[in-house]
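Remember, it's 1-based here, ligands and their atoms both numbered in the order they're listed.
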Amino acid sequence: MTGYNNSNGGEVNTASNGNGHSNGHSNGHSNGNKSADYTAQENPTMCSKDCCSGQGGFKPGNTCAPKKGAVSSSDEKIVPTPQSLLKSNGKIQCDLTPDELRALRVLNEDTYPYEVIQEIADFITKGAGVRPKIGIICGSGLGSLADIIQDARIFEYEKIPNFPVSTVEGHAGKLVVGTLEGATVMAMQGRFHFYEGYPLAKCSMPVRVMKLCGVEYLFATNAAGGINPRYGVGDIMLMHDHVNMLGFAGNSPLQGPNDPRFGPRFPALTNSYNKDLINKAIEIGKAMGIESNIHVGVYSCLGGPNYETIAELKALRMMGVDAVGMSTVHEVITARHCDMKVFAFSLITNKCATEYNDKKDEEPSHDEVMAVAKMRQKDCCELVSRLIRELAMGSA
Ligand SMILES: O=P(O)(O)O[C@H]1O[C@H](CO)[C@@H](O)[C@H]1O
């Protein structure tokens, strides 16, 4: 791989994707459901199996009184909403613990005003005693990128005011601030995904926190499925562009009122991925002897959490997508909106099938994703730290 220049779209491969196919599926089916309405057939007047079965079976005249120990509707645990917690004097009244209350508040908080982001940033910079220049987001299984940070000050997400919590395996939920190769850095060991139930603005809110902490460069990493047939498991794809599938569906982290202190209402995304950093990373890949495992390509983010169907993967390939995942794009959009320089790469953890087959072992799984990330974390760490060294020395 030689120097990258955006004009030919990097290594984007427009290989024929074999559009015509027969998948051998038949539409007709029999559901084999012999007794769709079990209670109605056996006990024509029974109100429900659960209701009457504790009373010695159904007898004509059962009153269907609640069973002993059953929870009456007034005893049922109420799932609190902000409204249900408010007394008429506007004060919150509930028996939730402070932690439960905080989790509830963070779940319900969809937008983060500038001042709240500033508060979070102040909490971190005061606690860490530094203003980091480089922000790193660790992809699934790539948390070790943060383990190499020196003089680390670690903030658990639960302890950061107004911060969401990580719910995905391989995302520890820690923010690590310190130095790496002479640069001050902050790394998210655990990112937020749309499929976790967080709105996109919340998923990428930490990028704004990074900005207000002083971060100028965002390094975003992810685990992804390789759609480009030339990509192998364990390869690294430097992102030079993306296709925002969630954006196609009308969803953006920038939706809602725009605060010009972060950036413009209508940001351009045509030069989102920094070319100098891509070229430096290619050089570093050569120096590491992994040149043949480095590609430059297009990433696409789907909502997840399910992996893609064959038809979806074929469609993505036709659109020029090389690797697919469930993250990163909203972070990049948020970073570009507030004028951060972006470097991003995908670790290809699995090859995506674009032809129909019945091979179970070719189906993607998060276990496989984590295993490959573990296997390749050393090279990923080296690539990131060497690139940061170049930045710190002012040569990137
Ligand atoms: O993008 P990251 O966070 O690396 O994780 C990827 O791996 C998970 C699926 O295995 C999904 O969350 C997908 O987005």
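Residue contacts with ligand 1, taken as heavy atom pairs separated by less than 4.0 Å, involve V369 solely via side-chain atoms from C-beta onward.
For ligand 1, none of its N or O atoms has an N or O atom of G139 under 3.5 Å away. Ligand 1 has no nitrogen or oxygen under 3.5 angstrom from a nitrogen or oxygen of T328. Annotation: T221 places no N or O atom under 3.5 Å from an N or O atom of ligand 1; distance criterion only.
Under 4.0 Å is where a charged nitrogen must lie from a carboxylate oxygen, and between K211 and E216 no such pair does.
Ring geometry for F192 against Y157 counts as tilted: the plane angle lies between 30° and 60°, on a 0 to 90° scale. Between Y231 and H295, the ring planes are parallel. Angles under 30° get that label, and only those over 60° would be called perpendicular.
Of all protein heavy atoms, the one closest to atom 5 (O) of ligand 1 is S140 OG, 2.7 Å. Remark: minimum distance from atom 9 (C) of ligand 1 to any protein heavy atom is reached at Y307 OH, 3.4 Å. Nearest protein neighbour of atom 12 (O) of ligand 1, counting heavy atoms only, is Y195 OH, 2.6 Å. With hydrogens left out, the protein atom closest to atom 1 (O) of ligand 1 is S327 OG, 2.5 Å, a heavy atom. Summary of contacts: the protein heavy atom closest to atom 3 (O) of ligand 1 is H193 NE2, 2.7 Å. Among protein heavy atoms, the minimum distance from atom 14 (O) of ligand 1 is reached at M326 N, 3.0 Å.
Remark: distances from the non-hydrogen atoms of H171 to ligand 1 include one below 4.0 Å.
Residues M188 and I117 share a hydrophobic cluster, clusters being chains of Ile/Leu/Val/Met/Phe/Trp/Tyr side chains in contact below 4.5 Å. No single ILVMFWY cluster, assembled from side-chain heavy atoms under 4.5 Å apart, contains both L246 and V332.
Every atom of ligand 1 with a heavy atom of N222 under 4.0 Å away is listed here by number and element: 1 (O), 4 (O).
Counted within 6.0 Å of NZ on K133, heavy atoms from surrounding residues, nucleotides or ligands total 12 or fewer; the atom is thus considered open.
In this structure, Y112 has its ring center at least 6.0 angstrom away from the ring center of F163.
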Enumerate donor-acceptor pairs with a distance under 3.5 Å from any side-chain N or O in residues 176-183 to protein atoms, sequence neighbours excluded.
from, atom 1, to, atom 2, distance (Å)
T179, OG1, D151, OD2, 3.3
E181, OE1, R389, NE, 3.0

